[in-house]
Peer 1: 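Structure in structure tokens, see below.
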Amino acid sequence: MRKRLIGVGALAAAVLASTALASAVAAELPPPPLANIVTCSGVGLVSQTVQAVECNTDAATGTADWSPDLLGAKLQAKAKPGSPPAAAVAGWSANAPLAVSGNQFCVTVKASPHGGPSTYAVLELVLSWDGVQQPTLAFPVSHETVSYCAGDIPPAAENFFWEVLAVTGASHGDAKVKVQFGGVSFAAVP
């Protein structure tokens, strides 16, 4: 399991961890082989409870171009021939703990990746509660608005935090992804 060194607001104290997959399927995803996230930091507040974040990786740095309201980002990772792989990571996270109101948590994102066979683009969802990090869930990026969900959240869970990151990279060539944050929600699923 890769360790995150989250440097954003309340997440700095929270240890993020694993959860079961509910509605989107994370199976059959090739793991991003080119970069590991090293640190994340806040870019700005979207609301009192949501902040935009950018992350550094152990690969050559890509770029993130944010919309003025911080609800959208364009990520680009361009690897030059003979240079190390490049990666770009950005997304959104809780700026304060949420009260749990269901056993399933969903984040809605619209994304569109562009790149060749040496590129990748995934969304990573990380949840934590009661000071325990849940395993990171990786989802394929879809060319539409999708709710990415995780379940098995205990009803008595406290200190609940979330983070969703768009990760794109390339061993050579140019990887791009546009991503738009749509919101978060809880649901009670039998």
Side-chain angles (χ1 to χ4, degrees), residues 1-29 31-32 35-57 69-73 89-111 121-142 144-167 179-190:
M1 178 168 109
R2 122 179 133 203
K3 291 185 177 181
R4 291 179 185 261
L5 302 174
I6 305 296
V8 288
L11 286 180
V15 186
L16 299 177
S18 125
T19 182
L21 174 65
S23 54
V25 178
E28 303 303 318
L29 249 191
N36 293 304
I37 295 172
V38 178
T39 60
C40 294
S41 59
V43 174
L45 291 177
V46 173
S47 70
Q48 284 188 318
T49 59
V50 178
Q51 66 181 331
V53 297
E54 286 183 25
C55 302
N56 295 317
T57 70
D69 61 5
L70 299 176
L71 290 173
V89 182
W92 298 268
S93 68
N95 192 46
L98 295 180
V100 172
S101 59
N103 63 340
Q104 185 179 59
F105 176 81
C106 296
V107 61
T108 302
V109 175
K110 179 178 182 180
V122 296
L123 287 174
E124 293 187 354
L125 177 59
V126 183
L127 305 178
S128 73
W129 57 82
D130 299 334
V132 178
Q133 178 177 333
Q134 307 301 308
T136 300
L137 298 173
F139 300 94
V141 174
S142 176
E144 58 190 348
T145 301
V146 175
S147 287
Y148 300 91
C149 299
D152 296 333
I153 301 165
E158 294 183 356
N159 206 25
F160 183 91
F161 285 91
W162 61 272
E163 178 180 63
V164 64
L165 297 173
V167 181
V179 62
Q180 182 80 26
F181 178 71
V184 297
S185 62
F186 283 97
V189 178

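A quick note: this is a predicted structure, and the numbers were derived from the prediction, not measured. What's counted below: heavy atoms across the whole structure, side chains too, no hydrogens, waters or symmetry copies.
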Peer 1: Test Phe105 against Leu98 for side-chain contact (heavy atoms from CB on, under 4.5 Å), laying out the working first.
Peer 2: CA-CA 11 Å; Phe105 176 81; Leu98 295 180; 4.2 Å; yes
Peer 1: Looking at residues at least two apart in the chain, or sitting in another chain, which of them share a side chain to side chain donor-acceptor pair (under 3.5 Å) with Thr108?
Peer 2: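 For Thr108 the side chain to side chain donor-acceptor pair (under 3.5 Å) partners, ignoring immediate neighbours, are Ser147.
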Peer 1: For Leu71 and Gln180, what are the C-alpha separation, side-chain angles and deciding distance, and is it a side-chain contact (heavy atoms from CB on, under 4.5 Å)?
Peer 2: CA-CA 6 Å; Leu71 290 173; Gln180 182 80 26; 3.6 Å; yes
Peer 1: Is any side-chain heavy atom of Trp129 closer than 4.5 Å to one of Val100?
Peer 2: no
Peer 1: Suppose we screen for side chain to side chain donor-acceptor pair (under 3.5 Å). Which residues come up paired with Asn56, at least two apart in sequence or across chains?
Peer 2: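 Residues passing side chain to side chain donor-acceptor pair (under 3.5 Å) with Asn56: Thr39.
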Peer 1: Should Glu124 and Val89 be marked as a side-chain contact (heavy atoms from CB on, under 4.5 Å) after you check the CA-CA gap, both sets of side-chain angles, and the distance that decides it?
Peer 2: CA-CA 10 Å; Glu124 293 187 354; Val89 182; over 6 Å; no
Peer 1: Drop me the distance from Ser47's OG to Asn95's CG, to the nearest 0.5 angstrom.
Peer 2: 7.5 Å
Peer 1: Is the backbone of Leu70 close enough, under 3.5 Å, to the side chain of Trp92 for a donor and an acceptor to pair up by distance?
Peer 2: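 Yes; at least one donor-acceptor contact below 3.5 Å.
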Peer 1: Over all heavy atoms of both residues, which pair between Leu125 and Cys149 is shortest? Give the atoms and the distance, please.
Peer 2: CD2-C, 4.4 Å
Peer 1: Hey, does the side chain of Asp130 reach the backbone of Glu158 with a donor-acceptor pair shorter than 3.5 angstrom?
Peer 2: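 Judged by distance alone, yes, a pair lies under 3.5 Å.
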Peer 1: Test of understanding: with side chain to side chain donor-acceptor pair (under 3.5 Å), list the residues that count as partners of Glu144, not counting sequence neighbours.
Peer 2: Ser142
Peer 1: For Phe181 and Val50, run side-chain contact (heavy atoms from CB on, under 4.5 Å): C-alpha distance rounded to whole Å, both residues' side-chain angles, the deciding distance at 0.1 Å, then the answer.
Peer 2: CA-CA 10 Å; Phe181 178 71; Val50 178; 4.0 Å; yes
Peer 1: Identify the two heavy atoms, one from Ser101 and one from Phe186, that lie closest to each other, and give their separation to 0.1 Å.
Peer 2: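 Answer, listing the atom of Ser101 first, then Phe186: OG-CB, 3.2 Å.
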Peer 1: Over all heavy atoms of both residues, which pair between Val38 and Thr57 is shortest? Give the atoms and the distance, please.
Peer 2: CG2-C, 3.7 Å
Peer 1: Starting at SG of Cys106, measure out to OH of Tyr148 and round the result to the nearest 0.5 Å.
Peer 2: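 The OH atom of Tyr148 is 12.0 Å from SG of Cys106, to the nearest 0.5 Å.
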Peer 1: At their closest point, which heavy atom of Leu127 faces which heavy atom of Ala150, and how far apart are they?
Peer 2: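 In this case the closest contact between Leu127 and Ala150 is CD1-CB, 3.7 Å.
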Peer 1: Where do Gly42 and Val53 come nearest, in terms of heavy atoms and distance?
Peer 2: CA-CG1, 4.2 Å
Peer 1: Work out which heavy atom in Gln104 is nearest to a heavy atom in Ile153; give both atom names and the distance.
Peer 2: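 That would be C-CD1, 4.0 Å.
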